[in-house]
Amino acid sequence: MSFKSSYLQGVYNSVSARNQGEPEFLQAVREVLESLEPVVERDPHIIDTGVIDRMVEPERFIQFRVSWVDDKGKVNVNRGFRAQFNSALGPYKGGCRFHPTVNGSVIKFLGFEQIFKNSLTTLPMGGGKGGSDFDPKGKSDNEIMRFCQSFMTELSKHIGPNTDVPAGDIGVGAREIGYMFGQYKRLCNEFTGVLTGKGLTYGGSLARKEATGFGTCYFTREMLTQMKNTSFEGKTVVISGSGNVAIYAAQKAFEFKSKVVALSDSQGYIYDKNGIDLDVVKQIKEVERGRISEYAKRVDGAVYTEGCRGIWSIPCDIALPCATQNELDGNDAKTLIKNGVIAVAEGANMPCTPDAVEEFLNAGVLFGPAKAANAGGVATSGLEMSQNSMRYSWSFEEVDQKLQGIMKGIFDSSYAASKKYGMDGNLVVGANIAGFNKVAEAMIAQGVAY
Ligand code: NDP
Ligand code: 2IT
């Protein structure tokens, strides 16, 4: 599809020429540029400021070797990345992903989306992302520790509490953050809030672990009440993934009196018509670091099916994709619509393909895009930074209250922007424009320096 604006077409052409072989990054850029059509139309002056041309190019992109020794004494080499995408609103902020599929394209798509997501939170955070193609699966604790230490040995040269503050993402949770924090402290001789998602004994924030999943449900609640005059109560919910985001989205969905009947991992999915028993899931995933297939062995009546995509064939009212990018395509969307889905919110980053998003919007399904719907995680990371700066910590309830306020604010500003720009109820366009406007204003105010 081509752009209406020849200027935006030119920006996209230049990004695709410069970033060949990077399909995820181009997908993320295309979606934002498409959303900016009404902005450029209304305010052509934005073209002369060059903000859009500048925004699609990372301020800095760091790639480095991470070598580490496994338990057998063998030397392994992985690749580490950090995309420091945009610092207009604050220090670069965004997670680190450890997964074998990580490459420059994946890190750039995530870093690019993070700019707008962080802007939507209203907290002072720029956008960044990092990670490695290291596969934590099947590694011993000591191997994880040695890898994290080697990764941080290089990363420490590029980050700092006022420069760039990484956090977790796929394959990076409290254990990995702990090892990275320890290594940063050792190298820099500084106990600072240089990472978020830290353990509660050394500067972590209460409710950070729960925040992304809870936030996705808070956002979905706003869509349901404000756009369809309904609620979670009595609804059937399907959630993909069974990691940090999926587990706490499921917990909040249960608290909101809906029934979560399915979860997945990269190999398959479980269906439990009685409603998933989250204590069993937490034991398997958080304590044993096992596979979701174990659930069906432990819970009567639960069924495990190989192949993660089949999860979208389960009839539901609300679908929350919380695993990974492009996990739900146009055909999956058609199946969900046929089965009567009323709301979809992206707990993961870019889990729905462009075809799927189009299907949902055309069918009038409420659709919460990732930048808005999963911003609760990074928002609470922002709250962790605030607490670290104050050398103080808030109670779980205080953090959760602030998170709820932020998620409602993100919904309100996205919905308002969708109306203002003539795309009433299209929260993809609304979130992109609301996020963009603040960053653009800050970049223009700061001049053309990079
Ligand atoms: P976790 O590592 O805790 O869990 C990831 C889950 O997704 C696992 O169930 C994993 O299954 C599954 N998964 C990973 N890769 C694939 C794949 N290629 N195909 C199918 N399933 C896959 O990560 P999180 O829960 O933290 O992250 C999930 C998503 O949410 C990601 O898109 C992340 O970017 C996004 N996100 C995370 C935030 C956070 O605070 N953690 C904040 C905002 C967004 P398996 O175990 O088999 O690999
Ligand atoms: O995608 C994301 O927003 C995250 N992985 C969380 C980033 C953060 O800094 O908490």
Side-chain angles (χ1 to χ4, degrees), residues 24 90-102 106-107 109-118 120-121 123 125-131 135-138 164-177 193-198 204-205 207-216 219 239-250 263-270 281 284-286 289-294 307-309 311 320-328 345-352 370-385:
E24 295 87 359
Y92 308 107
K93 182 82 196 87
C96 281
R97 176 179 292 190
F98 293 168
H99 194 273
T101 57
V102 164
V106 169
I107 295 301
F109 115 66
L110 290 163
F112 180 69
E113 297 220 320
Q114 201 82 42
I115 305 170
F116 309 97
K117 185 195 302 192
N118 294 2
L120 284 168
T121 67
L123 301 175
M125 300 181 290
K129 197 81 184 192
D135 187 358
K137 281 203 189 77
D164 183 356
V165 183
D169 194 80
I170 292 179
V172 179
R175 174 181 60 168
E176 292 73 21
I177 295 291
V194 69
L195 292 160
T196 60
K198 298 184 292 297
S205 173
R208 174 61 188 90
K209 181 176 70 173
E210 294 82 358
T212 312
F214 279 21
T216 300
F219 187 90
I239 301 179
S240 64
S242 48
N244 173 261
V245 181
I247 288 175
Y248 292 95
L263 288 174
S264 61
D265 62 21
S266 54
Q267 277 144 32
Y269 67 93
I270 49 159
V281 174
I284 295 168
K285 300 300 291 191
E286 294 186 336
R289 296 179 187 275
R291 310 306 304 159
I292 202 66
S293 54
E294 262 305 303
C308 52
R309 264 201 138 93
I311 192 168
L320 305 176
C322 294
T324 195
Q325 65 271 9
N326 293 326
E327 54 160 316
L328 193 167
E346 297 185 313
N349 285 309
M350 208 167 75
C352 298
K371 293 182 196 80
N374 73 34
V378 73
T380 307
S381 278
L383 300 175
E384 183 170 329
M385 290 167 73

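Just so you know, ligand 1 is whichever comes first in the structure, and atom 1 is the first atom listed for that ligand. None of these values were measured; they are calculated from a predicted model. All residue numbers in this chain count up from 1 along the given sequence.
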Please state which protein non-hydrogen atom is closest to [atom] and give its distance, to 0.1 Å?
{"atom": "atom 9 (O) of ligand 1", "value": "Ser242 N, 2.9 Å"}
{"atom": "atom 27 (O) of ligand 1", "value": "Ile170 CG1, 3.6 Å"}
{"atom": "atom 46 (O) of ligand 1", "value": "Arg291 NH1, 3.4 Å"}
{"atom": "atom 17 (C) of ligand 1", "value": "Thr324 CG2, 3.4 Å"}
{"atom": "atom 41 (N) of ligand 1", "value": "Asn244 OD1, 3.6 Å"}
{"atom": "atom 2 (O) of ligand 1", "value": "Gly171 N, 3.0 Å"}

Flag side-chain contact, heavy atom, 4.5 Å: [X] against [Y]:
{"X": "Lys117", "Y": "Gln114", "result": "yes"}
{"X": "Leu123", "Y": "Met385", "result": "no"}
{"X": "Val281", "Y": "Ile247", "result": "yes"}
{"X": "Arg97", "Y": "Thr324", "result": "yes"}

**Prompt:** Among Leu320, Val245, Thr216, which residue meets the side-chain contact (heavy atoms from CB on, under 4.5 Å) test with Asn374?
**Reply:**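 The residue from Leu320, Val245, Thr216 that satisfies side-chain contact (heavy atoms from CB on, under 4.5 Å) with Asn374 turns out to be Thr216.
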**Message:** Consider side chain to side chain donor-acceptor pair (under 3.5 Å). Of Thr196, Asp164, Asn118, which one does Lys93 pass it with?
**Reply:** Thr196
If you measure from each heavy atom of [X] to ligand 1, is any distance below 4.0 Å?
{"X": "Arg97", "result": "yes"}
{"X": "Ser240", "result": "no"}
{"X": "Glu327", "result": "no"}
{"X": "Thr101", "result": "no"}

Ignoring hydrogens and angles, tell me if any N or O in the side chain of [X] forms a donor-acceptor pair with the backbone of [Y] under 3.5 Å.
{"X": "Asn349", "Y": "Ala370", "value": "no"}
{"X": "Ser240", "Y": "Cys322", "value": "yes"}
{"X": "Asp265", "Y": "Ile292", "value": "yes"}
{"X": "Glu113", "Y": "Lys371", "value": "no"}
{"X": "Glu176", "Y": "Gly173", "value": "yes"}

Is [X] in polar range of ligand 1, meaning some N or O pair under 3.5 Å apart?
{"X": "Ser266", "answer": "yes"}
{"X": "Gly377", "answer": "no"}
{"X": "Thr212", "answer": "yes"}
{"X": "Lys117", "answer": "no"}
{"X": "Asp169", "answer": "yes"}
{"X": "Val245", "answer": "yes"}
{"X": "Lys129", "answer": "no"}

Identify the two heavy atoms, one from [X] and one from [Y], that lie closest to each other, and give their separation to 0.1 Å.
{"X": "Leu328", "Y": "Pro321", "answer": "CD1-CG, 4.2 Å"}
{"X": "Leu263", "Y": "Ala246", "answer": "CD2-CB, 4.3 Å"}
{"X": "Glu24", "Y": "Phe109", "answer": "O-CB, 3.4 Å"}
{"X": "Phe219", "Y": "Ala372", "answer": "CE1-CB, 3.6 Å"}

**Fill in**
Heavy-atom proximity to atom 36 (N) of ligand 1 ranks first, among Ile247, Asn349, Asp265, for Asn349
**Message:** Could you work out, for atom 28 (C) of ligand 1, the closest of Gly241, Gly243, Ala348, Ala323 by heavy-atom distance?
**Reply:**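 Nearest heavy atom to atom 28 (C) of ligand 1 lies in Ala323.
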Contact atoms of ligand 1, heavy-atom distance to [X] under 4.0 Å:
{"X": "His99", "value": "15 (N)"}
{"X": "Cys322", "value": "28 (C), 29 (C)"}
{"X": "Ser264", "value": "9 (O)"}

**Prompt:** Regarding Gln267 and Ser293, is there a side-chain donor-to-acceptor distance under 3.5 Å anywhere?
**Reply:**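 Result is no, nothing qualifies.
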**Request:** Give the contacting part of Arg208 toward ligand 1: side chain, backbone, both or neither, where contact means a heavy-atom distance below 4.0 Å.
**Result:** side chain
**Message:** Just to be sure I read this right, does ligand 1 sit under 4.0 Å from the backbone of Lys137, its side chain, both, or neither, counting only heavy atoms?
**Reply:**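 Contact part for Lys137 vs ligand 1: side chain (C-beta onward).
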Show the short N or O contacts, below 3.5 Å, that ligand 2 makes with protein N or O atoms; if there are none, say 'none'.
{"residue": "ligand 2", "atom": "1 (O)", "partner": "Lys117", "partner atom": "NZ", "Å": "3.0"}
{"residue": "ligand 2", "atom": "1 (O)", "partner": "Lys129", "partner atom": "NZ", "Å": "3.1"}
{"residue": "ligand 2", "atom": "1 (O)", "partner": "Asn349", "partner atom": "ND2", "Å": "3.0"}
{"residue": "ligand 2", "atom": "3 (O)", "partner": "Gln114", "partner atom": "NE2", "Å": "3.0"}
{"residue": "ligand 2", "atom": "3 (O)", "partner": "Lys117", "partner atom": "NZ", "Å": "2.8"}
{"residue": "ligand 2", "atom": "5 (N)", "partner": "Lys129", "partner atom": "NZ", "Å": "3.2"}
{"residue": "ligand 2", "atom": "5 (N)", "partner": "Gly168", "partner atom": "O", "Å": "3.1"}
{"residue": "ligand 2", "atom": "5 (N)", "partner": "Asp169", "partner atom": "OD1", "Å": "2.9"}
{"residue": "ligand 2", "atom": "9 (O)", "partner": "Lys93", "partner atom": "NZ", "Å": "2.7"}
{"residue": "ligand 2", "atom": "10 (O)", "partner": "Arg208", "partner atom": "NH2", "Å": "2.9"}
{"residue": "ligand 2", "atom": "10 (O)", "partner": "Ser381", "partner atom": "OG", "Å": "2.5"}

